[in-house]
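Labels below follow one simple rule: chain letters A, B, ... track the order of the sequence lines, proteins then strands, and each chain is numbered from 1.
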There are 4 protein chains.
Amino acid sequence: MPSQPPATPRKRPQQERSQVTVQAILTAAAHILTEAGYDHFTTNKVAERAGVSIGSLYQYFPNKASLLLALAEHHADQMMQLAKDHLETTGDRSIPEVIRQIVAAAVAAHAVNPKLHLVLHEQVPHSEVMRQFDQAKMENLLRSFLVQQCDQLQPKNLDLTVFMVERTIRALIHGAMTEHPEFLQTGELDQELTALLSAYLLKK
Amino acid sequence: MPSQPPATPRKRPQQERSQVTVQAILTAAAHILTEAGYDHFTTNKVAERAGVSIGSLYQYFPNKASLLLALAEHHADQMMQLAKDHLETTGDRSIPEVIRQIVAAAVAAHAVNPKLHLVLHEQVPHSEVMRQFDQAKMENLLRSFLVQQCDQLQPKNLDLTVFMVERTIRALIHGAMTEHPEFLQTGELDQELTALLSAYLLKK
Amino acid sequence: MPSQPPATPRKRPQQERSQVTVQAILTAAAHILTEAGYDHFTTNKVAERAGVSIGSLYQYFPNKASLLLALAEHHADQMMQLAKDHLETTGDRSIPEVIRQIVAAAVAAHAVNPKLHLVLHEQVPHSEVMRQFDQAKMENLLRSFLVQQCDQLQPKNLDLTVFMVERTIRALIHGAMTEHPEFLQTGELDQELTALLSAYLLKK
Amino acid sequence: MPSQPPATPRKRPQQERSQVTVQAILTAAAHILTEAGYDHFTTNKVAERAGVSIGSLYQYFPNKASLLLALAEHHADQMMQLAKDHLETTGDRSIPEVIRQIVAAAVAAHAVNPKLHLVLHEQVPHSEVMRQFDQAKMENLLRSFLVQQCDQLQPKNLDLTVFMVERTIRALIHGAMTEHPEFLQTGELDQELTALLSAYLLKK
DNA sequence: TATGAATGAGGGTTCATTCAT
DNA sequence: GATGAATGAACCCTCATTCAT
């Protein structure tokens, strides 16, 4: 196993100009990734497209991995924001209702930037790392939502349930995006996913 | 999108000697991938580890991608073989029974070479391509098994069902391998997965 | 300057089968050169196209250069044969007449295999070596013809004259083949070349 | 026919430092070509000899061919400059006078860097490409000079005449450089070439 | 004699990263 | 801070040639 360099942004830009630069870099990175694919994603190209010198890029991102990571995190944040907007809790509801809502939120979240999402998870070498963000945030949201909304749900093992639900949702949405976009457009996926998870949770 | 070079083996070895060479290369490739990770997976290292010249490697694999592909295909074949061994059909059974058997087969298949499996799917750049093999073969097996075993199952859309089941099984096993090995060892995953899919299919 | 390996055919094939093999190799070499260019001219490809093992190729040609050389020599021989056929001397004639005949012979000779001729002289790395053949043989032919036919011609320096005439003819035919094929087809080149050389020789 | 990559310089250097680097590379390239021959002309050796990293070489020359091309162009430019210096027109003169001047200019031009010239035209694989530069520039110069100086010259076909004269001059100088350096040193070549072309043009 | 598997030096090229200006 | 020229380790891959069978 190779030793990884520190992959956190080198400095938190505090001046406005820096913020602009960082944003330009991230935007350029996303563009290149979605338009040209990971194979053409080089730090020099990103800097050029961002209208910034390669030196400046390395001022804010200590290495390539940290840039990718920041992008993944930023993307996950956006997904989370959208998901949360869909989950405004309004009183108690049945489990199918809750599940339907969660599924809808997840589907909506995946629509933020589908191309980037796919490249990040399919082409980037260490997709494991990319997944951390989506996953951790999704799980937290899901856990709190499940606990809060489903008081009739008393799973012996909350972790196991969250794992099952979170993974299933993400895998099926991801799979549909890749191989069966028609399932997404017709709404079949939402329905089937809701059915799958409702049946599962109701039997608990 | 860059155009990919042909990734099929360059020549069918005609002498016995060649077969040995090809095997040595594949074995070495698997070793390096599992022991050092994709970052250290170079064609020269593979050849060296195989005790073969780099020229010999390129005699049988026109480029790096084709070597990876051959490895993935070989691995998928092994998984399928094991899965099939678990699915010897013996008369009619209930859906939960059938599902339990399928899940067990999938779990067993993933135990063929877990390290290699994970590297192939997480570290290798175009994991999409790697997935093709597992997936296509799994889906076929699953489809025929479902049709054959569950005559009470009349899904309006077999494709959709196969998609749901196949993706779910693979995602959860894969996820457990990565993040919750304990779920696999205790058998919790088998149970829960069976419960999940049985509930789903029974409601059809 | 790198030291050159011996570049003469390794053995004179004496059995019929060998002759066939050598011919097959030379033919294949010519095909590849004219169809794919020197960049794709590899000994392995030649052997394959000749339907012969690479080992057999090296049995008759000790290295790549010797193969190229044999090809060049063979081609030069063919050119010479054709040129000679055009130069059947029939009594005394005027210098313009003689020159016209020589030019016609040279043009005809260049039509033997124009594609191969060009590749040999433009793409092959050490065109100097390739040129030796055409040149030496052409010069000899020309010298003897000039001496024999033009007794009114008493150049102080026969070598210089032969050099001037031979080089000029070859350069202009070659140039026309490459850049002005129309000059060849209309016969303009023959005419102009004859005019050029006649004027030159008559003033001697 | 293989498709060629773009062979134009990759970036226009903006700092003075770069100009120095580019010059160093070109100089090193010329040295290696003339001293060791094309067989030893590798990009790594050129960079090393230039005291520059291989990366820097590729910053300014996208590939090996472009370096060769730049060298050929640079060399052609130098030849042209020298030729022009010899062709300062001073009033009307006779055709032999004009021809003598042109021949002298061409001979002088070939003396700029004879070794490099020969390697470029004999050893480099696609000498056709190298020739483009010399040739095109020479032809233009020659055409304008002929038109301007020889108003008594009314060739039906200027293109044909330029072709004849340009090719002949270049071939004979080149040939003399390669095989008969003595013709150049004694001035015999100048004389004979002038005689050849004068006789030709006067008969028009 | 013929085969073709095996060799391996060495080539062209990339790209993450540094650092003098 | 910003720039961009410079770096160089390392990679993928080719192909002339050898030699065991």
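Contact annotation: Ser53(A) side-chain N/O to dA2(F) OP1/OP2 distance is not under 4.0 Å. Here Ser56(A) reaches the OP1 or OP2 of dT3(F): one of its side-chain N or O atoms lies under 4.0 Å away.
Checked against dG1(F), dG4(F), dT13(E), the side chain of Gln59(A) finds its nearest nucleotide in dG1(F).
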Secondary-structure string, 5' to 3', Watson-Crick or G-U under 3.5 Å, | for another-strand partners, for DNA chain F: .||||||||||||||||||||
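The 5' end of DNA chain E is approached more closely, in terms of each residue's nearest nucleotide, by Lys64(D) than by the other of Ile54(A) and Lys64(D). Each of Lys45(A) and Gly55(A) was assigned the nucleotide of DNA chain E with the nearest heavy atom; the assignment lying further toward the 5' end belongs to Lys45(A). Both Asn44(C) and Gly51(D) lie near DNA chain F, and the one whose nearest nucleotide falls closer to the 5' end is Gly51(D).
The backbone N or O of Val124(A) sits nowhere less than 3.5 Å from a side-chain atom of Ser127(A) that would complete a donor-acceptor pair.
When all heavy atoms of Asp134(C) and Ala76(C) are compared, the closest pair comes out as OD1-CB, 3.4 Å.
Note on Thr42(A): only backbone sugar-phosphate atoms sit closer than 4.0 angstrom, heavy atoms only; bases stay farther off.
Classification of the Tyr38(A)-Phe41(A) ring pair by plane angle, with boundaries at 30° and 60°, yields parallel.
Listed by chain and number, the residues in a salt bridge (Lys or Arg N to Asp or Glu O under 4.0 Å) with Arg131(D) are Glu122(C), Glu179(C) (sequence neighbours excluded).
For Glu128(B), the CD atom counts as densely surrounded, since its 6.0 Å shell holds more than 12 non-hydrogen atoms of other residues, nucleotides or ligands.
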